[in-house]
Amino acid sequence: MKTLRSYIRGDWHEAKSGLAPLVNPSTEETIAQAGSAGIDFAAVLDYARQKGGPALRAMTFAQRAAILKEMSKVLRDHRDELLALSALNTGTTTADGSFDVDGGSGTLAYYFALGKGLGDRTFLAEGEGVQLAKTEGFYGRHILVPRHGVAVHINAFNFPVWGFAEKAACALLAGTPVITKPATSTSMVTERAIELIVAAGFLPEGALQLVVGATGNLLDLLGAQDVLAFTGSADTARGLRSRANLLAANTRVNVEADSLNAAVLAPDVQDGSATFNLFLKDVKREMTQKSGQKCTAVRRILIPRDRMDAVQEALIARLSEVVVGDPQDPSVKMGPLATAQQLDDTVRGIGELKQAARIVHGTGQRTDGAGAPAGKGFFLQPTLLRSDDARNAGPVNEREVFAPVATLLPYDGSARDAAEIVALGGGTLVTSAYTDDAGWAGDFVARGGGETGRIYIGSESSAGDAPGSGAALPQTLHGGPGRAGGGEELGGLVGVKLYLQRVAVQGAKSLVDGLVG
Ligand code: NAP
């Protein structure tokens, strides 16, 4: 059986003990094993600090950007192979796998273009300068310089390529060497992607290392100049960000975590209109894409109270079209959940939601999948629940069920009621609102903006272009307040700044301008 390897200190390391099995989620066959036993994490950090950091910092933004261009090309050139591995290891259909793989290459390509535009500089000037005294004898400007540390990236199981690539793009562009750790259960795809990138031979020594399996004492060794960027569950995030050494050193920690994202149908949207159809199409996609295992998936659907029955019926008609099964079967539109643990957690989570809601579509239990052996595979039909009291729906506003599961909730049609119910989620990555009423949209943004990282407005005018609320595009922010982790990724330079130190440079204007350029 294949044992996945870590890429550390310029070489491939295969653990000999402590190996965890990786499973095909459609058949439950073991396909590989992975672990990190035997890795000297202090040496891994030293290698990044002594080789990767200096090499990257000596390069200009344009030169670092060129690395991202090559990484993007490798992922594009091997797209089919990575999609096949994704189907095997994570159970994705081709469309769902491409959301991850093409999302990764696209994000790297975006940051290549951004970095190329920053040109032959090794640091950035930020904003205008300001005179600090009566004359130009004392003046100040802000600059952003690479920190002298290492970026440790810990990713969730659901995006083995995009998750690694979107974080690495920002860190490498900033000049920070990366140690990346995918979730063990789906690390087969990340391992192969990095194997291909390393084999292409363009990475500076020490710029990128891969840890497959547990991180050992790696996090204990992080200090003031390092960055820990984590994506995963809020529980894991809490444990990681409260580590004593990270608190003592004020190590930068960025967290992308759970999110009870909501889609809101505004009262102006008539049945059968372009905006209504966009709403139905988006909600179906955002419930079922990647089998609902997306941090940006829709979990709560807010409907004007008097339209609940009609919208429920229309959504059920759409969800009934979804064929669940092994992605190798051409009829299949939605694959399994990625692991047995995800399925267990989902069934348990639906049980909790049922304390405040009732199932109106699906069973909330494992099902057999098309093209898969009977009794095998982590399959679940899309599951729609309904609660008729949104403000007292307890777990519906608090428990993220990471699966094709969402709950219909009524509201009174006002932007105020919608925003207050959305806020019960405790902070989200994205909120979508479907309306052609600019006044309603403005009111909703004003009342609900502080509770979410992104507001996606679906309307007749956007229906032809909008990619769905679940797409985290590199140009705009990905992250959200509160439960969503409080982090900020992507958003053009926003994501790069995590790895840069802002320095105020003060002195005579002529000197400061000369230094900053
Ligand atoms: P998870 O169990 O928290 O694991 C996430 C990552 O943390 C994995 O790589 C895991 O490694 C690692 N990890 C766990 N304990 C650790 C420790 N003590 N030290 C170091 N690393 C540790 O989450 P998951 O089940 O993979 O992902 C699902 C969750 O991620 C969902 O809640 C979802 O909302 C969230 N998510 C958020 C975003 C976002 O952008 N906001 C994106 C995707 C997913 P092992 O696999 O080796 O245990």
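Whatever order the structure lists ligands and atoms in, that order sets their numbers, starting from 1. In what follows, every heavy atom counts, from backbone to side chain, and hydrogens, waters and symmetry copies are set aside. Everything quoted here is computed from the prediction, not taken from an experiment.
- Closest protein heavy atom to atom 17 (C) of ligand 1: L240 CD2, 3.8 Å.
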| said: side chain to side chain contact (heavy atoms under 4.5 Å, CB included) for L278 and Y434? Distances and angles first, verdict last. | reply: CA-CA 8 Å; L278 176 69; Y434 294 81; 4.0 Å; yes
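- In this structure, the protein non-hydrogen atom closest to atom 24 (P) of ligand 1 is F157 CD2, 3.6 Å.
- Using modelled atom types and a 3.5 Å distance limit, the side chains of S259 and T428 yield no donor-acceptor pair.
- For the ligand labelled ligand 1, residue P182 lies inside the 4.0 Å heavy-atom shell.
- Within the 4.0 Å heavy-atom shell around ligand 1 one does not find Q341.
- Within the structure, the closest approach of F159 to ligand 1 does not fall below 4.0 Å when heavy atoms are considered.
- Taking a 6.0 Å sphere around NZ of K497, one finds it holds more than 12 heavy atoms contributed by other residues, nucleotides or ligands.
- Residue contacts with ligand 1 include Q342, since one of its heavy atoms falls under 4.0 Å from the ligand.
- A side-chain N or O of R300 and one of N397 form a donor-acceptor pair less than 3.5 Å apart.
- A donor-acceptor contact closer than 3.5 angstrom is absent between the side chains of S72 and S105.
- Counting heavy atoms under 4.0 Å from ligand 1, residue D235 does not touch it at all.
- Close approach of ligand 1 to T236 (heavy-atom distance below 4.0 Å) involves ligand atoms 1 (P), 2 (O), 3 (O), 13 (N), 14 (C), 15 (N), 16 (C).
- Residue nearest to atom 46 (O) of ligand 1, selected from T184, L218, V211: T184 (by heavy-atom distance).
- A 4.5 Å side-chain heavy-atom check between E451 and T431 finds every atom pair outside the cut-off.
- Remark: ligand 1 atoms within the under-4.0 Å shell around heavy atoms of N158 are 43 (C), 44 (C).
- The side-chain heavy atoms of T383 and T363, taken from C-beta on, include no pair separated by under 4.5 Å.
- In this structure, K294 is positioned above the aromatic face of F99, its NZ or CZ under 6.0 Å from the six-membered ring centre and within 45° of the axis.
- Atom 23 (O) of ligand 1 has as its closest protein heavy atom S233 N, 3.4 Å.
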Exercise for the section: Could you check K16 against E14 for salt bridge (Lys or Arg N to Asp or Glu O under 4.0 Å), going step by step and ending with a plain yes or no? Expected result: CA-CA 6 Å; K16 300 290 178 224; E14 187 175 302; 3.5 Å; yes
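- Panel note: side chain R483, backbone E398; a donor-acceptor pair is recorded below 3.5 Å.
- No hydrogens or angles considered: a donor-acceptor pair under 3.5 Å links the side chains of T3 and Q33.
- Atom 20 (C) of ligand 1 has T215 OG1, 3.4 Å as its closest protein atom, hydrogens excluded (heavy atom only).
- The nearest non-hydrogen atom to atom 21 (N) of ligand 1, considering only V212, I154, D345, comes from I154.
- For the pair D368 (side chain) and G375 (backbone), a donor-acceptor distance under 3.5 Å is present.
- Of the heavy atoms in T231, both backbone and side-chain atoms come closer than 4.0 Å to ligand 1.
- Heavy atoms of F402 found under 4.0 angstrom from ligand 1 belong exclusively to the side chain.
- What sits closest to atom 35 (C) of ligand 1 on the protein, heavy atoms only, is G232 O, 3.2 Å.
- At a 4.0 Å heavy-atom cut-off, ligand 1 touches E400 through the side chain alone.
- The H478 neighbourhood of ligand 1 comprises atoms 39 (C), 40 (O), with distances under 4.0 Å to a heavy atom of that residue.
- Listed by number with element, the atoms of ligand 1 under 4.0 Å from a non-hydrogen atom of N155 are 5 (C), 6 (C), 8 (C), 9 (O).
- For atom 42 (C) of ligand 1, the nearest non-hydrogen atom from the set A183, G453, S259, C295 comes from C295.
- Seen from the ring of Y499, K167 does not count as a face-on cation partner, given the 6.0 Å and 45° thresholds.
- Look at A257 and you'll find a heavy atom under 4.0 Å from some atom of ligand 1.
- For an aromatic pair to be called close, the ring centres must be under 6.0 Å apart, and F402 with F157 satisfies this.
- Atom 3 (O) of ligand 1 is flagged as protein-proximal [any protein heavy atom, distance under 4.0 Å].
- Not a single N or O atom of A156, backbone or side chain, sits closer than 3.5 Å to an N or O atom of ligand 1.
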